[in-house]
Amino acid sequence: MKQKKKICNILFSLAFFLMITIPFCLLDTTPTITSELENRNMTEWPGLHFSSLYNEWYGHYVEDRIGFRNQVISFNNYVTYYIFGEFADTIHMKGKNGYVFPADEGYIENYQRLNIDEELLDNLTGYLTNTSDYAKENGIDFIAMVCPNKSSVYGQNMPDDIHVDLTKSSTLDTLKQKLDAAGVNYVIPDAEFRKRAQEEQIYNLKYDSAHWNDLGAFYGMTLLDEKIAEMHPDIPVVSKESFSLDYREENLELFSIPIKDKIPVLTYQGETALNDGENRKDVSNLPGNNMAYFYNENATTDKTILILHDSFFDHKECYFYEKYREVYFCSRVNYTFMKEYIDVIKPDIIVFELAERSFADDLHAYTELGTYDYH
């Protein structure tokens with residue numbers, strides 16, 4: 001009996017030793033490794049240094065390159081998801097009825113109405129009001145647009161243990177009240193989207209949980225066009241005939257479990273405008289970054305539109321090709337250059353678009369919102 005126990009202890013010790021040493025023996029020392037599993041470059045060898053400052057980097061190097069790393073991560077993801085019904089990563093959160101939502105704390109608290117920042121909303125309202133007034137002085141129409149979070153449209157599918165403080169107004173409703181009082185034109189389509197979502201999937205079930213899908217973008221652009229048409233009846237509202245609709249399968253991003261989602265894909269069928277490099281106007285002298293210019297001499301109107309936007313409008317330039325002679329697209333981080341844009345470009349219409357999630361994210365870094373002056 002003692003002999004058998006001794007053999008078991010030796011075998012156990014040997015197995016434990018091999019479990020520790022084999023992964024280290026299989027350390028991947030390839031100079032540059034890109035992980036498709038995590039969508040990043042793995043830590044590179046920092047060089048040999050006798051300094052405590054480098055100890056942490058040596059640890060990261062071993063963690064990123066140790067043998068069987070991907071297999072262990074995948075196994076952990078599988079076990080966490082299929083046994084405990086949760087995601088092992090910190091990016092996604094499982095909702096009801098198969099839905100997946102972003103899992104960051106600010107996003108969740110915004111849905112719960114726990115982090116409504118009145119000062120930020122007042123500063124944004126002040127900026128949008130001043131911009132609208134200066135645009136009006138120059139004969140330009142201004143529209144603010146806020147693209148809702150998925151949780152504001154499909155909130156009934158958020159986890160049951162995440163509660164909403166119904167005694168408080170939501171971020172979007174609070175902003176609407178402030179913009180109404182200030183007389184600023186806006187499109188904030190959360191209510192319209194909730195009605196539309198009863199008929200169509202306008203945010204994907206799982207894939208790209210932070211944004212609307214192509215159908216959501218189409219209906220959002222339709223509402224924007226309808227607002228513009230109130231001021232410019234000659235500018236037509238976007239038509240589905242300008243797009244072909246197809247569906248494709250996508251895996252949940254940044255995740256090793258083969259969770260598939262069937263997403264709608266709208267492909268623009270109209271004329272492609274002349275873009276950067278072929279344009280008729282040099283925009284390199286304009287301040288800011290990510291400025292793009294598009295020209296279409298066969299456009300429905302001879303009007304110009306300037307759009308400051310975030311990721312919801314990425315790759316959505318085609319919605320404006322047919323209707324506008326000139327289209328200017330740039331990141332909303334360029335908000336402090338708005339006066340120069342108005343003075344130099346002299347557009348007919350300005351759209352300032354941002355996502356609801358920015359109120360709990362990067363909008364706090366826009367420190368000049370409340371003080372930006374046009375005079």
Side-chain angles (χ1 to χ4, degrees), residues 124 127-128 130-147 184-187 217-218 220-232 234-238 242 268 270-355 358 362 366 368-369 372 374:
L124 175 63
Y127 174 80
L128 297 177
N130 292 337
T131 302
S132 178
D133 290 344
Y134 188 70
K136 192 177 296 182
E137 290 175 16
N138 287 272
I140 300 167
D141 290 304
F142 176 82
I143 300 170
M145 184 171 186
V146 182
C147 299
V184 175
N185 290 313
Y186 65 84
V187 175
F218 174 81
M221 295 298 180
T222 300
L223 292 169
L224 176 61
D225 279 357
E226 289 173 352
K227 175 63 72 173
I228 293 174
E230 293 175 7
M231 299 172 277
H232 298 268
D234 58 321
I235 300 179
V237 175
V238 65
S242 296
Y268 179 64
E271 178 183 354
T272 301
L274 298 176
N275 58 18
D276 295 335
E278 304 171 308
N279 62 45
R280 298 195 177 193
K281 191 173 291 185
D282 182 13
V283 296
S284 62
N285 61 331
L286 290 172
N289 54 35
N290 299 321
M291 175 68 72
Y293 171 77
F294 302 90
Y295 180 90
N296 183 4
E297 62 183 7
N298 299 317
T300 307
T301 72
D302 61 356
K303 292 180 177 173
T304 298
I305 188 169
L306 166 65
I307 301 167
L308 280 75
H309 68 98
D310 65 11
S311 58
F312 271 77
F313 269 42
D314 281 350
H315 313 300
K316 300 298 184 291
E317 299 92 340
C318 61
Y319 279 91
F320 306 94
Y321 288 160
E322 292 184 24
K323 295 172 288 193
Y324 299 93
R325 180 69 52 82
E326 294 179 284
V327 178
Y328 290 84
F329 247 67
C330 72
S331 169
R332 60 174 165 79
V333 300
N334 298 322
Y335 73 103
T336 56
F337 301 115
M338 184 70 89
K339 184 179 187 303
E340 188 163 350
Y341 292 159
I342 291 174
D343 294 344
V344 174
I345 297 173
K346 303 185 187 304
D348 298 284
I349 300 161
I350 298 173
V351 176
F352 187 91
E353 178 270 328
L354 66 161
S358 66
D362 69 314
Y366 289 27
E368 295 183 50
L369 279 175
Y372 189 69
Y374 284 89

Approximate separation, where rounding is to 0.5 Å, of F313 CZ and L354 CG: 10.0 Å
Any donor-acceptor N/O pair, Y186 side chain to A144 backbone, under 3.5 Å: no
Spacing of I342 atom CD1 and I350 atom CD1 [to the nearest 0.5 Å]: 4.0 Å
Closest non-hydrogen atom pair, V238 against D225: N-OD2, 2.8 Å
Spacing of M145 atom CE and F312 atom CZ [to the nearest 0.5 Å]: 9.5 Å
Check: G288 main-chain N/O paired with N334 side-chain donor or acceptor under 3.5 Å: no
Pairwise distance OH(Y324) to CZ(F294) - rounded to 0.5 angstrom: 15.0 Å
CZ-OG distance between R332 and S311, expressed to the nearest 0.5 angstrom: 8.0 Å
Gap separating the CD1 atom of I143 from the CD atom of E353, nearest 0.5 angstrom: 12.5 Å
Nearest heavy atoms of V237 and A229, plus distance in Å: CG2-CB, 4.4 Å
Residues 301-309, side-chain donor-acceptor partners within the protein, below 3.5 Å, at least two apart:
from, atom 1, to, atom 2, distance (Å)
T301, OG1, K303, N, 3.3
T301, OG1, K323, O, 2.5
K303, NZ, H232, ND1, 2.9
K303, NZ, D234, OD1, 3.0
K303, NZ, D234, OD2, 3.1
T304, OG1, E326, OE1, 3.2

Y321 (side chain) donor-acceptor with A299 (main chain) under 3.5 angstrom: no
Plane angle bin for Y335 and Y366 - parallel if under 30°, tilted between 30 and 60°, otherwise perpendicular: parallel
V327 vs Y319, side-chain contact (heavy atoms from CB on, under 4.5 Å): CA-CA, chis, key distance, verdict: CA-CA 10 Å; V327 178; Y319 279 91; over 6 Å; no
Pair Y268-E317, side-chain hydrogen bond (donor to acceptor under 3.5 Å, both in side chains): steps then yes or no: CA-CA 10 Å; Y268 179 64; E317 299 92 340; over 6 Å; no
Contact summary for T131 and M338, nearest pair of heavy atoms: CG2-CG, 3.8 Å
N185 and M231: CA distance, side-chain angles, deciding distance, side-chain contact (heavy atoms from CB on, under 4.5 Å) verdict: CA-CA 10 Å; N185 290 313; M231 299 172 277; 3.8 Å; yes
Shortest non-hydrogen contact from Y374 toward K339: O-CE, 2.9 Å
Any donor-acceptor pair under 3.5 Å from K136 side chain to Y134 backbone: no
Minimal non-hydrogen separation, A355 against D310, with atom names: N-OD2, 2.6 Å
Side chain to side chain, M221 and F320, heavy atoms closer than 4.5 Å: yes
Side chain proximity check, I349 to I235, heavy atoms < 4.5 angstrom: yes
Closest non-hydrogen atom pair between Y328 and M291, with its separation: CD2-SD, 4.1 Å
Backbone N/O of F142 and side chain of S132: donor-acceptor pair under 3.5 Å: no
